[in-house]
Amino acid sequence: MKILVTGGAGYIGSHTVLELLSHGHDVEVLDNFDNSSAESIRRVEKLAGRTVRVHELDLRDEPAVTALFAAGGYDSVIHFAGLKAVGESVAKPLAYYGNNLESTLVLLRAMAASDTRQLVFSSSATVYGDHAPVPYQEDHEPLGANNPYGWTKVMIEQVLRDVAASDSSWRIGILRYFNPVGAHESGEIGEDPSGIPNNLTPYIAQVAVGRRESLTVFGDDYDTPDGTPLRDYIHVLDLASGHVAALEHLAAMEGGARAWNLGTGHGSSVLEVIAAFEKATGVKVPYTVGPRRSGDLTESFGDPTRAEAELGWKATRSIDDMLTDLWRWQSQNAEGFGG
Ligand code: NAD
Ligand code: UDP
């Protein structure tokens with residue numbers, strides 16, 4: 001298949017591009033490098049022993065994107081491009097609605113104009129909002145969110161369902177990711193957040209490598225076994241293989257939009273993640289307990305059985321694998337791709 005990967009230079013995108021190449025697909029990347037660097041793709045090329053054509057474009061640039069599709073001959077698109085920082089989205093809602101919604105609309109119009117109607121979209125567990133019972137089921141309604149980033153995912157999902165309902169030649173996969181962690185086992189590519197990491201495991205890794213002094217655990221008074229919140233951490237390589245499985249399923253699907261949870265179905269607490277990191281790496285992570293972070297849920301984990309039944313996909317890597325691979329990446333690249 002010839003596949004255009006938007007946001008393919010980013011964290012999940014780069015791992016997925018590598019996985020697609022290893023399955024023999026022909027892959028091109030569209031990215032504006034707003035939150036990534038071309039170095040990630042150079043390393044993917046080295047690991048795969050193949051070249052990847054990169055289009056340095058903003059997805060909101062409609063004339064350029066339309067021209068790209070008119071000439072591209074793509075069979076399918078995987079759409080990762082977007083802004084993703086929850087806290088920043090609260091401070092800059094227009095930037096988030098603007099980028100995430102506009103870029104998706106431009107993409108869908110360019111796809112329709114060039115008769116490319118197979119799409120995999122990066123959604124998130126955040127669409128289950130504050131009140132869904134765990135483990136989250138794909139059919140849960142209503143979807144919702146508690147920040148602008150999350151609302152962009154809810155809104156884009158709705159757009160995709162409406163587009164698929166309007167024309168049965170669209171085949172759309174909506175992948176709801178849980179918490180991606182880890183890196184490729186080579187240590188050559190991984191997550192490289194700009195500024196202070198928002199997420200737990202990159203923060204832990206930066207403390208361990210000496211870039212930050214200590215971790216703050218955001219609250220230990222939750223109603224969980226050790227008082228810290230539970231999340232469904234999933235290895236980024238398992239996520240990447242979920243995209244390949246979704247593409248293969250879509251190619252044989254009749255038409256429509258369908259959502260799948262990509263998670264392990266199991267929640268780990270913040271203190272369990274710290275302990276697992278220390279055990280997997282032998283490196284101590286100093287931490288203090290601070291107040292709760294506003295908006296944090298007590299627990300978030302999904303039911304992955306639909307993905308297993310329909311896509312034939314299941315997460316196979318353990319939390320120890322995730323943290324060992326994270327540490328290999330971080331210790332070999334203390335400053336990320338810029339180091
Ligand atoms: P990332 O920031 O590493 O990758 C996103 C990429 O999109 C970046 O390379 C960025 O430069 C590019 N981009 C952003 N806006 C663009 C635009 N207008 N035009 C072209 N390129 C643009 O993020 P990631 O962690 O790899 O996440 C990928 C997708 O998965 C995002 O849609 C994100 O919302 C979603 N997601 C991520 C997580 C997570 O925890 N990482 C969880 C659930 C869902
Ligand atoms: N967390 C923490 N300290 C940090 C970052 C995160 O204690 O510096 C906690 C956070 O409260 C949550 C868990 O780690 O319970 C996962 O947070 P992350 O931001 O990685 O994922 P999300 O909350 O978006 O699922």
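Hydrogens, waters and symmetry mates play no part in the numbers below; they use all other heavy atoms, side chains included. Ligands are counted one by one from 1 in listed order, and the atoms in each one are counted from 1 as well.
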With the threshold set at 4.0 Å, does a side-chain nitrogen-carboxylate oxygen contact exist between [X] and [Y]?
{"X": "Arg258", "Y": "Glu138", "result": "no"}
{"X": "Asp325", "Y": "Arg317", "result": "no"}
{"X": "Arg171", "Y": "Glu254", "result": "no"}
{"X": "Lys314", "Y": "Asp238", "result": "no"}

Quick one: does [X] get an N or O within less than 3.5 Å of an N or O on ligand 1?
{"X": "Leu59", "answer": "yes"}
{"X": "Phe178", "answer": "no"}
{"X": "Tyr149", "answer": "yes"}
{"X": "His79", "answer": "no"}
{"X": "Asn199", "answer": "no"}
{"X": "Asn99", "answer": "yes"}
{"X": "Phe80", "answer": "yes"}
{"X": "Tyr177", "answer": "no"}

Nearest-contact summary for [atom] - protein heavy atom, Å:
{"atom": "atom 3 (O) of ligand 1", "value": "Tyr11 N, 2.8 Å"}
{"atom": "atom 40 (O) of ligand 1", "value": "Pro180 CD, 3.3 Å"}
{"atom": "atom 37 (C) of ligand 1", "value": "Ile12 CD1, 3.8 Å"}
{"atom": "atom 25 (O) of ligand 1", "value": "Lys84 NZ, 2.8 Å"}
{"atom": "atom 2 (O) of ligand 1", "value": "Asn35 ND2, 2.7 Å"}
{"atom": "atom 5 (C) of ligand 1", "value": "Gly82 O, 3.9 Å"}
{"atom": "atom 4 (O) of ligand 1", "value": "Gly10 CA, 3.5 Å"}
{"atom": "atom 6 (C) of ligand 1", "value": "Gly7 CA, 3.6 Å"}

Ignoring hydrogens and angles, write down the donor-acceptor pairs under 3.5 Å from the side chains of residues 125-135, residues two or more places apart or on other chains.
from	atom 1	to	atom 2	distance (Å)
Tyr128	OH	Arg176	NH1	2.9
Tyr128	OH	Asn261	OD1	2.6
Asp130	OD1	Asn146	ND2	3.0

Side chains of residues 281-290: which donor-acceptor pairs under 3.5 Å do they make with residues two or more places apart or in other chains?
from	atom 1	to	atom 2	distance (Å)
Thr281	OG1	Phe277	O	2.7
Thr281	OG1	Val283	N	3.1
Lys284	NZ	Glu278	OE1	3.4

Looking at Ser318, is its backbone amide N or carbonyl O close enough to the side chain of Asp321 to form a donor-acceptor pair, meaning the two atoms are under 3.5 Å apart?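 Yes.
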Looking at CD of Glu188 and CH2 of Trp329, how far apart are the two atoms once the value is rounded to the nearest 0.5 Å? 8.5 Å
Nearest 0.5 angstrom please: Leu4 CG to Ser76 OG, how far? 9.5 Å
In terms of atom number and element, which parts of ligand 1 are under 4.0 angstrom from non-hydrogen atoms of [X]?
{"X": "Ser123", "answer": "43 (C), 44 (C)"}
{"X": "Ser124", "answer": "43 (C), 44 (C)"}
{"X": "Phe33", "answer": "11 (O)"}
{"X": "Leu57", "answer": "19 (N), 20 (C)"}
{"X": "Ser122", "answer": "29 (C), 30 (O), 32 (O), 35 (C)"}
{"X": "Asp34", "answer": "11 (O)"}

With a distance cut-off below 6.0 Å to the six-membered ring centre and an angular limit of 45° from the axis, does Arg43 pair with Phe337 as a cation-pi contact?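 No cation-pi geometry.
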Going by atom types alone, do [X] and [Y] pair a side-chain donor with an acceptor below 3.5 Å?
{"X": "His266", "Y": "Asp232", "value": "no"}
{"X": "Asp226", "Y": "Ser269", "value": "yes"}
{"X": "Glu45", "Y": "Thr51", "value": "no"}
{"X": "Asp303", "Y": "Thr305", "value": "yes"}

Residue-ligand contact Arg176/ligand 1, heavy atom below 4.0 Å: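 Checking ligand 1 against Arg176, which is what was asked, there is no heavy-atom contact under 4.0 Å.
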The answer for which part of Glu191 has a heavy atom under 4.0 Å from ligand 1 is neither
So which bit of Ala81 gets within less than 4.0 Å of ligand 1, heavy atoms only: side chain, backbone, both or neither? both
Option whose closest heavy atom lies nearest to atom 17 (C) of ligand 1, chosen from Asn32, Thr152, Ile78: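 Minimum heavy-atom distance to atom 17 (C) of ligand 1 goes to Asn32.
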Please work out which of Asp31, Val5, Val86 has its closest non-hydrogen atom nearest to atom 11 (O) of ligand 1.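 Considering heavy atoms of Asp31, Val5, Val86, the nearest to atom 11 (O) of ligand 1 sits in Asp31.
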Taking the side chain as every heavy atom from C-beta outward, state whether [X] and [Y] have any pair of such atoms under 4.5 Å apart.
{"X": "Val106", "Y": "Arg109", "answer": "yes"}
{"X": "His79", "Y": "Leu59", "answer": "yes"}
{"X": "Val236", "Y": "Thr16", "answer": "no"}

Set of residues that line ligand 2, where lining means a heavy atom lies under 4.0 Å from it: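 Protein residues near ligand 2 are Asn179, Asn198, Asn199, Leu200, Leu215, Thr216, Val217, Phe218, Pro229, Arg231, Tyr233, Val270, Arg293, Asp296.
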Clusters formed by hydrophobic residues whose side-chain heavy atoms approach within less than 4.5 Å: which one holds Phe218, and what are its other members? none
Transitive ILVMFWY side-chain link Tyr149 to Phe178, under 4.5 Å: no
